[in-house]
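As structure tokens, the structure follows; a few thoughts come after it.
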Amino acid sequence: MAGPIPELAERATECARRLTDAERVLLASHIDADGLTSAAIASQALERADIPFETVFEKQLDADAIAAIAATEYDTVLFTDFGSGQLDEITVHEGEGAFTPVIADHHQPADSETHYHLNPLLFGIDGASELSGAGASYVLSRALADVSGQTAERTMTTDGGGSAARADNRDLAALAVVGAVGDMQASGGELHGANEQIVAEGVEAGVIETSTDLALYGKQTRPLPKLLEYATDVRIPGISGSERGALSFLDDLDLELKRTGDGDGTGDGNWRRWAELSGDEKQTVASALVKRAVSRGVPASKIDQLVGTAYVLSAEPVGTELRDASEFSTLLNATARYDRADVGLGVCLGDRDEALDRARTLLRDHRRNLSNGIELVTEEGVTHAEHVQWFHAEDRIRETIVGIVAGMAMGNAGISRSKPIIAFADKRDEPDPDAPDQNDSEGREQNQKVKVSARGTHGLVRQGLDLSVVMGEAARAVGGDGGGHNVAAGATVPKGNEQAFVDRADELVGDQLS
Ligand code: C5P
Ligand code: C5P
Ligand code: C5P
Ligand code: ZN
């Protein structure tokens with residue numbers, strides 16, 4: 001069987017065989033939406049194939065993290081959504097016989113090679129826009145079902161439904177779509193290439209539905225006025241950013257957009273959600289929005305962005321974060337990026353009680369942090385170098401979300417979309433076991449590290465931008481390391497080298513765009 005992505009089929013089968021040969025597997029994954037969905041896909045596939053495993057998450061797969069993994073008893077380690085960029089460090093242990101790595105990733109590979117390496121970039125597929133870590137894990141899961149001879153009976157659950165899709169792991173396509181959307185692989189309003197093939201399998205398996213719909217964030221959970229007020233990707237004058245404007249726009253439509261029943265008619269809770277509207281009602285609101293945008297001079301290219309492909313997880317309840325791929329991925333970022341990957345994994349694996357409640361609480365904090373972060377950057381502004389712009393959040397934005405903030409702030413007043421943005425944030429004081437004297441404040445200062453996140457646009461990538469190269473080279477020039485994707489990348493550097501880093505990055509970006 002070829003699997004969803006024919007180019008990857010042979011390698012996926014080899015990786016799957018290696019896993020079925022293992023007595024047990026250590027599964028290591030990355031702490032973001034794509035990493036969590038990768039782990040959720042891989043863990044369900046391992047379980048269904050009867051391969052015992054344990055799961056760990058890492059913020060960064062650095063030499064220390066890899067050494068800790070090598071020190072475990074496991075002979076086989078499955079890395080998902082990272083591993084390719086750290087092959088130089090990983091293969092050191094392979095040589096020593098500590099463990100065999102199996103990798104399902106989509107990041108730019110380092111120089112070393114390893115056999116069980118499933119990465120779209122090795123097969124001519126773009127890892128930044130066509131396949132995510134969750135997508136690579138999904139391809140692996142399909143091969144695992146195949147080589148382990150998984151059957152419908154074996155994977156039957158008590159409700160008995162959907163067992164055919166479970167037998168070949170096609171039901172896991174829903175999580176793969178969430179991972180791809182979480183990594184912002186949808187461009188021009190939809191997923192492309194290999195991702196599209198996964199979507200098609202999800203549709204066939206009955207776990208995904210696609211439709212052409214309004215492209216605003218929050219269609220499932222945001223009350224209508226908030227959906228419109230908070231939409232910032234396409235700004236509609238008089239509505240975006242204006243509570244009163246959004247309310248009066250909706251009031252002027254001849255529709256029953258408030259929920260019937262008790263309540264005093266005020267407050268957000270009384271408004272219906274987009275997902276609850278009928279097709280006709282959606283059409284009416286969308287047409288009025290477009291008409292308003294046109295009349296306020298929003299350019300046609302921007303208006304096009306108001307509509308895109310919506311990816312709906314059809315098994316999830318209407319009006320929940322879980323039903324919309326984009327809202328689901330944000331919910332997962334709200335857990336994993338705050339040291340609660342266990343919560344996000346629980347949600348992915350079907351815990352709809354405790355884990356979901358906890359995730360929703362974390363989501364409120366995450367949203368507040370993003371909005372405070374964006375406000376901070378927009379108010380303080382960025383420093384413009386010739387080819388890049390940058391800011392230093394110090395300890396005011398958490399290093400795990402500073403990249404999201406940077407990306408979302410692009411296009412705000414004073415923050416250009418025609419230059420990549422570089423963001424610095426202090427790494428939180430993690431005691432360094434090798435530091436000579438933990439109590440020596442000077443020694444501590446010297447060991448302090450800074451997290452760097454960089455974000456570009458697909459337009460800049462078409463002009464030659466590759467932030468993965470920029471982050472890697474600029475970081476190594478100042479004693480750090482980095483990598484990632486062409487459009488989004490990151491690094492860690494020793495504190496005090498920020499200006500030198502920016503200078504080097506500025507040069508590199510200048511070369512790439514010339
Ligand atoms: O580590 P990983 O590959 O999962 O993360 C990819 C990162 O790149 C995400 O933070 C994602 O939001 C970011 N990205 C972006 N803009 C894009 C594509 C990806 O900010 N166009
Ligand atoms: O850049 P990175 O992948 O880390 O961003 C993670 C996700 O957070 C992106 O998909 C971004 O669009 C998303 N997001 C969010 N809250 C919003 C809107 C988008 O967290 N309100
Ligand atoms: O952390 P941030 O969201 O900025 O990461 C952007 C992308 O760069 C992610 O895909 C992440 O995995 C990658 N990255 C990396 N090496 C680092 C830091 C980030 O490959 N040191
Ligand atoms: Zn990823």
Side-chain angles (χ1 to χ4, degrees), residues 29-39 41 57-63 65 79-87 89 104-110 119-121 126-138 176 178-188 191-192 195 233 326 329-330 332-333 336-337 370 393 397-410 417 420-425 427 449-462 465-472 474-476 480-493 501:
S29 196
H30 192 207
I31 56 134
D32 67 3
D34 189 31
L36 272 180
T37 47
S38 299
I41 290 169
F57 288 94
E58 300 288 345
K59 192 188 299 183
Q60 216 99 64
L61 192 60
D62 53 17
F79 294 96
T80 57
D81 194 34
F82 57 22
S84 297
Q86 297 78 21
L87 268 172
E89 285 89 17
D105 190 10
H106 66 135
H107 288 93
Q108 207 62 55
N119 184 320
L121 291 160
D126 185 1
S129 65
E130 291 190 288
L131 198 71
S132 67
S137 303
Y138 174 74
V178 173
V181 168
D183 259 11
M184 313 247 308
Q185 297 204 329
S187 64
L191 292 169
H192 304 275
N195 278 324
D233 290 344
S326 166
S329 74
T330 301
L332 295 179
N333 275 323
R337 292 181 188 251
L370 289 179
I397 301 177
R398 207 182 158 94
E399 51 135 321
T400 52
I401 64 162
V402 76
I404 305 183
V405 170
M408 292 175 76
M410 270 181 119
R417 283 190 64 79
I421 185 165
I422 296 176
F424 296 98
K427 283 242 179 206
K449 297 214 162 66
V450 175
K451 167 69 195 298
V452 194
S453 279
R455 295 290 187 271
T457 65
H458 290 287
L460 288 166
V461 168
R462 281 192 293 272
L465 181 73
D466 187 344
L467 288 173
S468 156
V469 171
V470 173
M471 289 292 107
R476 286 188 289 274
D481 205 2
H485 308 291
N486 51 21
V487 72
T492 300
V493 297
F501 181 93

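Everything numeric in this text was worked out from a predicted model, so none of it was measured. Both backbone and side-chain heavy atoms feed into the values below; hydrogens, waters and symmetry mates do not. Ligands are counted one by one from 1 in listed order, and the atoms in each one are counted from 1 as well.
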Within-4.5 Å side-chain heavy-atom neighbours: Lys449 and Val493: no
Should [X] be counted as touching ligand 3, given the test is an N or O pair under 3.5 Å?
{"X": "Gly483", "value": "yes"}
{"X": "Lys451", "value": "yes"}
{"X": "Val452", "value": "no"}
{"X": "Gly484", "value": "yes"}

For ligand 1, the portion of Ile404 having any non-hydrogen atom under 4.0 Å away: neither
Per-residue contact class, Arg337 against ligand 1 - non-hydrogen pairs under 4.0 Å: side chain
Is it true that [X] lies under 4.0 Å from ligand 3, counting heavy atoms only?
{"X": "Glu399", "value": "no"}
{"X": "Gln108", "value": "no"}
{"X": "Arg455", "value": "yes"}
{"X": "Gly85", "value": "no"}

Residue list, ring-ring contact (aromatic ring centres under 6.0 Å, His included) with His485, at least two apart or on another chain: His106, His107
Distance, nearest 0.5 Å, that separates OG of Ser187 from NE2 of His458: 4.5 Å
Within a distance under 4.0 Å of any heavy atom of [X], pick out the atoms of ligand 1 and give their elements.
{"X": "His106", "answer": "3 (O)"}
{"X": "His485", "answer": "2 (P), 3 (O), 6 (C)"}
{"X": "His458", "answer": "21 (N)"}
{"X": "Asp34", "answer": "4 (O)"}
{"X": "Asp183", "answer": "2 (P), 3 (O), 4 (O), 5 (O), 6 (C), 9 (C), 11 (C), 14 (N), 18 (C), 19 (C)"}
{"X": "Val487", "answer": "17 (C), 18 (C), 19 (C), 21 (N)"}
{"X": "Asp32", "answer": "1 (O), 2 (P), 4 (O), 5 (O)"}

Check against side chain to side chain contact (heavy atoms under 4.5 Å, CB included), Val405 and Leu370: CA-CA 6 Å; Val405 170; Leu370 289 179; 3.9 Å; yes
Stepwise side chain to side chain contact (heavy atoms under 4.5 Å, CB included) test for Arg476 and Asp481: CA-CA 5 Å; Arg476 286 188 289 274; Asp481 205 2; 3.0 Å; yes
Closest to atom 10 (O) of ligand 3 (judged by heavy-atom distance), picking from His30, Gln60, His107: His107
From the candidates Ser468, Ala425, Gly403, Ser453, the one that places a heavy atom nearest atom 2 (P) of ligand 3: Ser453
Minimum heavy-atom distance Asn119-Leu121, with the two atoms named: OD1-N, 2.8 Å
Audit row: Asp81, Asp105, side chain to side chain contact (heavy atoms under 4.5 Å, CB included) steps and yes/no: CA-CA 4 Å; Asp81 194 34; Asp105 190 10; 4.1 Å; yes
Count of N, O or S atoms belonging to protein, less than 2.8 Å from the Zn ion (ligand 4): 4
